[in-house]
There are 2 protein chains.
Amino acid sequence: MKRASRDRRRDEILDVAVQVLSERGYRDASMLEIANRAAASKETLYAWFGDKQGLLAALIERNAQLVQAVLAGHLKGEAPPERVLFEFGRALLELLLGDSAVAINRAVIAEAKSDPALARTLAAGGRQAVLPSFIRLLERYAEHEELKFDDAAQAAEDFLGLLLGDTQIRRLHGVLPRPGKAQIEARAVRATRAFLLLYGRERMDELS
Amino acid sequence: MKRASRDRRRDEILDVAVQVLSERGYRDASMLEIANRAAASKETLYAWFGDKQGLLAALIERNAQLVQAVLAGHLKGEAPPERVLFEFGRALLELLLGDSAVAINRAVIAEAKSDPALARTLAAGGRQAVLPSFIRLLERYAEHEELKFDDAAQAAEDFLGLLLGDTQIRRLHGVLPRPGKAQIEARAVRATRAFLLLYGRERMDELS
DNA sequence: CAATAACCGTACCCAGGGGTACGAAAACGT
DNA sequence: ACGTTTTCGTACCCCTGGGTACGGTTATTG
C-alpha cells in the first residue's frame, strides 16, 4: 500500500509539473507553482527530485518509459509492412507532436547548454531505445524480401524524415498547433506510401 | 559615412551577441556580458534594441536576410534538377546545422511560450520566405517534365524531410556535433537521389 | 573650434525565484 | 491510542540579472 500510494503521489506531481511546464515554459515554470498546484510543498519537491533540473530529468525518464511501452507494441508485428509502418508512424507522430513531448523537448533544448546530460537522457530513453528495434523490424522484412535496401539504418532515418518533415520543429517553435487525428493519419499514410515506393520489393535498384 | 559606421557597429554587436548566445544559451547570456565583450555599454544595447528579446529579434532578422540571400542564388537554376537540388540541399544543411542557426533556434524555442512573436519572425524570414520559391522551382521542373508529382508543396516537404531527417533536432539537443562538409554533401546527395526516385520523370504513377 | 549629440562606464534599483530551515499537522505503522 | 516519520506551509536567505539614471568622455556637425 505504501509503495503504491507514494508512486501515485509521485505521478500526480509529475503530471502537474508537465502541465505547468507546458503552460509556462521551463524558465517561467517555478517550483513554487508546481508545488502549490500539486498541493505539495516546495521542500518535498526538493527532497524528492534534488533540484529543478532533477525534476525535469524525472519527467524525461517517465515520458521515455511511456514512449517505449507504446511503440514496442507496434514493432513485433507479423502484419504486412504497410500496415505496421502506418501504425508505428501514427503512434510516433502522436507521441512526438503531443503537448507533453513538446514541452519536454522545449525544456531540454532550452537547457542544452547548461545541462547536456538532460539531452543524453532524452536520447537514451527515446531514440536510442526505439530506433534499433525499428531497424531490426525493417531488416526482418528485408529477409522476407518484402523490402529492399542496402542500409537499414538509412532506410529507417528516411522513414522518419518522410514522416515528420519539419513538423516537429515548427511545433517546438509554437507555429504549428497540435494536429488532429485525421492529419496525423494522413501523414502516416503518405510517409508509408512514399517509403514503400523507395524501398518496396518492386524497387530493387540503385540508391547506393 | 555616418550610416555605414553605425551599421558596422551594429553588426559587430550582433556578432558578439550570437557568439555569447551560442556559448551560454539564451537564459545564461547576460546583457552585461554582451555589452562588455562588444566594448559597448548596457545602456546602448537597451537604447538600440529595447530589451533582451528585442536583441534576439534583431539577431533573427539579420540571420533571415543571410539565409534568403544565400538560398535565392540556388533557386533560379536552369541546371538539371539533380544538380540544383544537391546545391540547394547542401546550402540549406550548412545554414540550418551551423552554430548561429542552432543558437538562434534554441533561443526561439526556449522563449516560445513567453514570446510567440519571435517564432513568427523566424518563420517569416526563413521558411515562409524560402519555401514558396522552392516550390515554384519544383513546379517549373514539372512543367518541363523533368519531375512528376501531384502536389508540389508536398514534394518540397518530402525533400526537406529526406534532407534533414532528425539531424536538426538532435543538433538542437546538443547530441550531434556540427557535421563536416563531407557529411553534409553525403546527406545532400542521398536526399537528392531518394527524391528523384520518388518524383523523377521515369516514375509517373500513384502516391495520391 | 565650439556645441551638440551619441556613447561609455559605473553604480544602482529591484523583482523573481532557486534553495534551505523549521515548527505544525497529518499519515502511517505498531 | 501513541510515537514516529513524512509532508505541509511559511518564512527566510541571497544572488543573479534585467532594466534605469547619470556624469564623464569621445565622436560628429556646422
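Letters go in sequence order (proteins before strands), and every chain restarts at 1. Treat the numbers as computed from the prediction; the structure is a model and nothing was measured.
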**OP:** Would you verify whether the NZ or CZ of A:Lys52 falls within 45 degrees of the ring axis of A:Tyr26 while also being under 6.0 Å from that six-membered ring's centre?
**Re:** yes

Strictly below 4.0 Å, N to O, side chains only: are [X] and [Y] in salt-bridge contact?
| X | Y | value |
| --- | --- | --- |
| A:Glu111 | B:Arg27 | yes |
| B:Arg62 | B:Asp15 | yes |
| B:Glu157 | A:Arg187 | yes |
| A:Glu23 | B:Lys113 | no |

Original post:
Taking DNA chain D as the partner, which of residues 13-26 of chain A come within under 4.0 angstrom of it by heavy atom?
Top reply: none

Length of the line joining [X]:[atom1] and [N]:[atom2], which is rounded to integer Å:
| X | N | atom1 | atom2 | result |
| --- | --- | --- | --- | --- |
| B:Ile34 | C:dC8 | CD1 | P | 14 Å |
| A:Glu33 | C:dG19 | CD | C1' | 18 Å |
| A:Lys52 | C:dG16 | NZ | P | 15 Å |
| A:Arg27 | D:dT16 | CZ | P | 18 Å |
| B:Leu55 | D:dG18 | CG | C1' | 13 Å |
| B:Phe49 | D:dG19 | CZ | P | 14 Å |
| B:Tyr46 | C:dG9 | OH | C1' | 15 Å |
| B:Asp51 | C:dA15 | CG | C1' | 16 Å |

Original post:
Hey, is CZ on A:Arg136 packed in by over 12 heavy atoms from elsewhere, all under 6.0 Å?
Top reply: no

**OP:** Sugar-phosphate means primed atoms, P, OP1 and OP2; the rest is base. With that split, encode nucleotides 5-10 of chain D 5' to 3' as B, S or - using protein heavy atoms under 4.0 Å.
**Re:** --SBB-

Subject >> CD1 on B:Ile169 to CG on A:Leu160, rounded to 0.5 Å >> reply: 11.0 Å

Original post:
Can the ring centroids of A:Tyr141 and A:Tyr199 be said to lie less than 6.0 angstrom from one another?
Top reply: no

Which donor-acceptor pairs under 3.5 Å do the side chains of residues 85-104 of chain B make with protein atoms, sequence neighbours left out?
{"residue": "B:Glu87", "atom": "OE2", "partner": "B:Arg83", "partner atom": "NH2", "Å": "3.0"}
{"residue": "B:Glu94", "atom": "OE2", "partner": "B:Lys181", "partner atom": "NZ", "Å": "3.2"}
{"residue": "B:Asp99", "atom": "OD1", "partner": "B:Arg171", "partner atom": "NH2", "Å": "2.8"}

